[in-house]
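Proteins come first, then strands; the chains are lettered A, B, ... in the order of their sequence lines, and each starts at number 1.
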There are 2 protein chains.
Amino acid sequence: MATLKDISAELGLSVATVSRALNGFPEVSARTRARVQEAADRLGYKPNRIAQRLVTGRSGMVGFIAKLNADMTADQTFLEILTGLTAALAERDVDLVLSVDQHDDPVTVYERMLERGILDGFILNAPVPNDPRVAFLQSRGIPFVMHGQSEPEVHYPFYGIDNRAVSRDAVGLLATLGHRRIALLNGDIRFSFAIDREEGFREAVAQEGLNTPEAFIGHETPSESYGYTEALAMLSGRRGAQPTAIVCGSTLIAAGVMRAAKDLGLSVPADLSLIAHDDALPQFRAVNFDPPLTVTRSPLRDACSPLANHLIDHIAGGEADTLQTRIRAELIVRESTGPVPKGGTDPWP
Amino acid sequence: MATLKDISAELGLSVATVSRALNGFPEVSARTRARVQEAADRLGYKPNRIAQRLVTGRSGMVGFIAKLNADMTADQTFLEILTGLTAALAERDVDLVLSVDQHDDPVTVYERMLERGILDGFILNAPVPNDPRVAFLQSRGIPFVMHGQSEPEVHYPFYGIDNRAVSRDAVGLLATLGHRRIALLNGDIRFSFAIDREEGFREAVAQEGLNTPEAFIGHETPSESYGYTEALAMLSGRRGAQPTAIVCGSTLIAAGVMRAAKDLGLSVPADLSLIAHDDALPQFRAVNFDPPLTVTRSPLRDACSPLANHLIDHIAGGEADTLQTRIRAELIVRESTGPVPKGGTDPWP
DNA sequence: CGGAAAACTCAAAACGTTTTAAATATGGTA
DNA sequence: TACCATATTTAAAACGTTTTGAGTTTTCCG
């Protein structure tokens with residue numbers, strides 16, 4: 001492993017000059033810089049992160065902590081995030097240190113990783129209101145970036161979608177098609193994204209002059225079986241007048257709803273309209289549904305690069321307020337949504 | 001953040017003595033050690049890992065590279081390994097640096113991670129015969145540990161199960177129950193573990209004086225649907241006399257076989273005996289099958305701690321030959337295996 | 001009490017980098 | 001030629017630890 005000293009010896013220069021040349025300082029002559037660069041390439045020089053960190057206080061490594069569900073499974077999105085993140089970070093020469101959280105207390109793992117003092121910052125996901133990790137990291141002055149936002153107004157860098165708008169777009173489309181009884185199968189309501197979706201849903205429904213009874217608003221960790229059982233209950237009529245449209249928190253839930261509709265002999269979209277939010281996970285393609293699924297779409301993969309960049313820029317001193325991005329998910333109308341069926345035009349009480 | 005210098009100044013000792021006292025060197029007096037310890041506690045001293053690493057040449061970090069399937073999904077076991085590994089490594093104060101491999105060439109990612117010179121070693125999984133990663137890392141002199149073995153006889157540290165024995169145990173049990181027509185639904189045959197299972201299977205079958213036609217030996221990436229379609233083909237009689245027992249490479253495959261049996265009106269174990277290898281993934285519990293599944297069991301989670309320890313010991317200078325562990329999977333007989341059905345006692349030609 | 005051995009402690013170097021302050025080279029002007 | 005400003009380079013300090021080799025103190029024995 002070549003060091004600065006090796007290069008300086010090779011060229012008869014001081015390490016200081018070599019360091020400056022490689023780091024693009026202005027006071028080194030063009031000729032020298034070229035010689036140094038050539039030698040560095042030739043010897044395969046890569047700066048030693050550990051030594052850099054000791055003197056600068058930066059390590060070029062960031063942490064990510066995967067939070068497992070109670071049953072020790074990870075949510076669908078974890079792997080997708082990991083893949084995108086390592087690629088995006090590698091692009092900027094940053095390494096990802098991973099840990100898995102099996103604790104009750106969400107901050108202990110962060111604390112433990114911080115103790116070693118080798119991390120420049122963290123990437124957080126799945127924010128909850130009043131997120132304790134935010135309070136902890138802010139109190140310690142550790143940079144981080146959030147995928148999503150714990151609250152509507154925050155003072156840290158983030159990248160995420162407008163989840164209220166997701167619901168507004170979905171409800172708006174359905175209302176335009178004449179639907180009056182619109183149900184919601186949301187994700188786990190502990191998370192901020194699900195809260196936003198639900199609030200956005202209620203607002204949009206109200207704005208259309210409609211109402212959705214509590215029995216037709218569900219929230220749970222997304223799964224096919226959750227979609228199936230809930231849809232079965234809703235569509236069977238057991239809870240009152242059946243919805244003519246269902247908004248799903250994920251394509252996984254939509255798959256379950258689809259199966260329930262089939263089992264009940266209902267056809268999509270003739271009897272039931274279906275719209276889901278689509279993270280564009282490669283395992284589960286909304287286009288391949290039968291019929292192809294209408295979605296609000298925002299590929300999880302697209303978030304990774306901005307997340308990495310926001311964090312790296314923040315570590316380098318960028319202001320948090322300038323590193324906040326909220327994008328709008330794309331509404332893609334396919335064949336799972338259609339006009340309200342003739343018999344279904346009465347609103348819920 | 002208190003440093004050694006702070007403590008030495010506080011006590012009027014040299015940093016050298018303080019360092020020795022805290023690291024348990026024998027040549028420091030009991031009195032001094034006590035004073036130092038007290039001061040360290042009082043000042044909340046934590047050694048700076050970066051500085052430690054700079055001088056010792058060890059970073060206290062090891063790499064793990066997740067290999068994705070062509071469809072960008074990870075295999076079932078990935079998360080389980082990650083969870084166990086980070087926990088086991090944390091136990092010994094080592095961090096895990098993760099990368100995700102999306103390349104064709106399996107060594108480029110290792111090469112890139114090595115460039116930085118911050119990794120002490122690697123943890124590898126899913127070995128294939130003549131594994132190029134092994135050749136690469138050995139040529140560079142980089143320590144690593146393997147989950148499993150690329151070949152029967154290797155010269156690197158590993159931890160894994162005896163996969164030939166897995167098949168022998170399964171076939172042995174079934175033969176004892178009188179089965180003559182035993183099929184195999186194996187995992188992806190590119191991997192060493194599947195090759196070993198298959199060879200073990202053929203050996204064991206031959207030893208019982210039996211034979212299994214190629215049409216009744218399958219190998220593919222484990223999935224429920226793979227188990228379902230293959231079992232359906234085998235049990236329908238389309239390929240010749242139906243097997244009376246099937247050995248499955250994973251519980252996931254067994255789930256598919258179970259469904260196929262049900263669809264064909266066959267009951268387990270009256271008409272068909274079923275045995276699978278069980279990694280004990282929390283998502284998929286063999287006990288909860290109906291009927292509970294007979295398995296060769298070896299919790300993946302159990303491998304993580306030995307893997308971490310073997311690697312760390314190897315990095316510390318332990319000989320590779322002393323850090324090789326091959327364990328025997330446990331045969332757990334439950335209700336999915338039973339005596340051969342009356343009409344099924346004829347062997348295959 | 002003297003001396004040697006044993007027990008303990010210390011100063012300094014080392015790890016590989018960045019950065020400060022000082023030194024040297026270069027060029028231009030008087 | 002002498003001088004000054006500017007451009008370029010250097011030596012040395014710093015980050016916080018471990019470790020080497022060299023003291024220094026204590027203990028023990030005659």
Can you check the A:Phe25 CZ to D:dT8 P distance for me, whole Å?
-> 15 Å
Heavy-atom donor-acceptor pair, B:Gln52 side chain to B:Gly60 backbone, under 3.5 Å = no
Does the separation of the ring centres of A:Tyr110 and A:Phe136 fall below 6.0 angstrom?
-> no
Stepwise salt bridge (Lys or Arg N to Asp or Glu O under 4.0 Å) check, B:Arg301 with B:Asp279 = CA-CA 8 Å; B:Arg301 189 63 69 95; B:Asp279 288 320; over 6 Å; no
Which is true for B:Gly12 with a 4.0 Å heavy-atom rule: it touches a base, it touches only sugar-phosphate, or it touches nothing?
-> sugar-phosphate
Can you tell which of B:Glu91, B:Arg92, B:His314 makes a side-chain hydrogen bond (donor to acceptor under 3.5 Å, both in side chains) with B:Asn309?
-> B:Arg92
Base, sugar-phosphate alone, or nothing: which one does B:Thr3 contact when heavy atoms must sit under 4.0 Å apart?
-> sugar-phosphate
So does A:Asp120 pair up with A:Arg53, basic N to acidic O under 4.0 Å?
-> yes
Report the C-alpha separation of B:Lys67 and B:Asp101 in whole Å, then their side-chain angles, then the decisive distance to 0.1 Å, and conclude whether the salt bridge (Lys or Arg N to Asp or Glu O under 4.0 Å) test is met.
-> CA-CA 5 Å; B:Lys67 174 100 178 142; B:Asp101 178 13; 3.4 Å; yes
Name the first nucleotide and the last nucleotide along DNA chain C (5' to 3') that come under 4.0 Å of a heavy atom in chain B.
-> C:dC8 to C:dG16
Do the ring planes of B:Phe64 and B:Phe78 sit parallel (below 30°), tilted (30 to 60°) or perpendicular (above 60°)?
-> parallel
Result for 5'-nearest mapping on DNA chain C, choosing between B:Thr17 and A:Ala2, is B:Thr17
Tell me, yes or no, whether the heavy-atom count around B:Arg190 atom CZ, taken from other residues, nucleotides or ligands under 6.0 Å, exceeds 12.
-> no
Contact list for DNA chain D against residues 50-58 of chain A - heavy-atom distance below 4.0 Å = A:Leu54, A:Val55
Neighbours of DNA chain D within residues 26-36 of chain B, by heavy-atom distance under 4.0 Å | none
Has A:Asp321 got more than 12 heavy atoms of other residues, nucleotides or ligands less than 6.0 Å from its CG?
-> yes
Are A:Tyr156 and A:Phe144 close enough that their ring centers fall under 6.0 Å?
-> yes
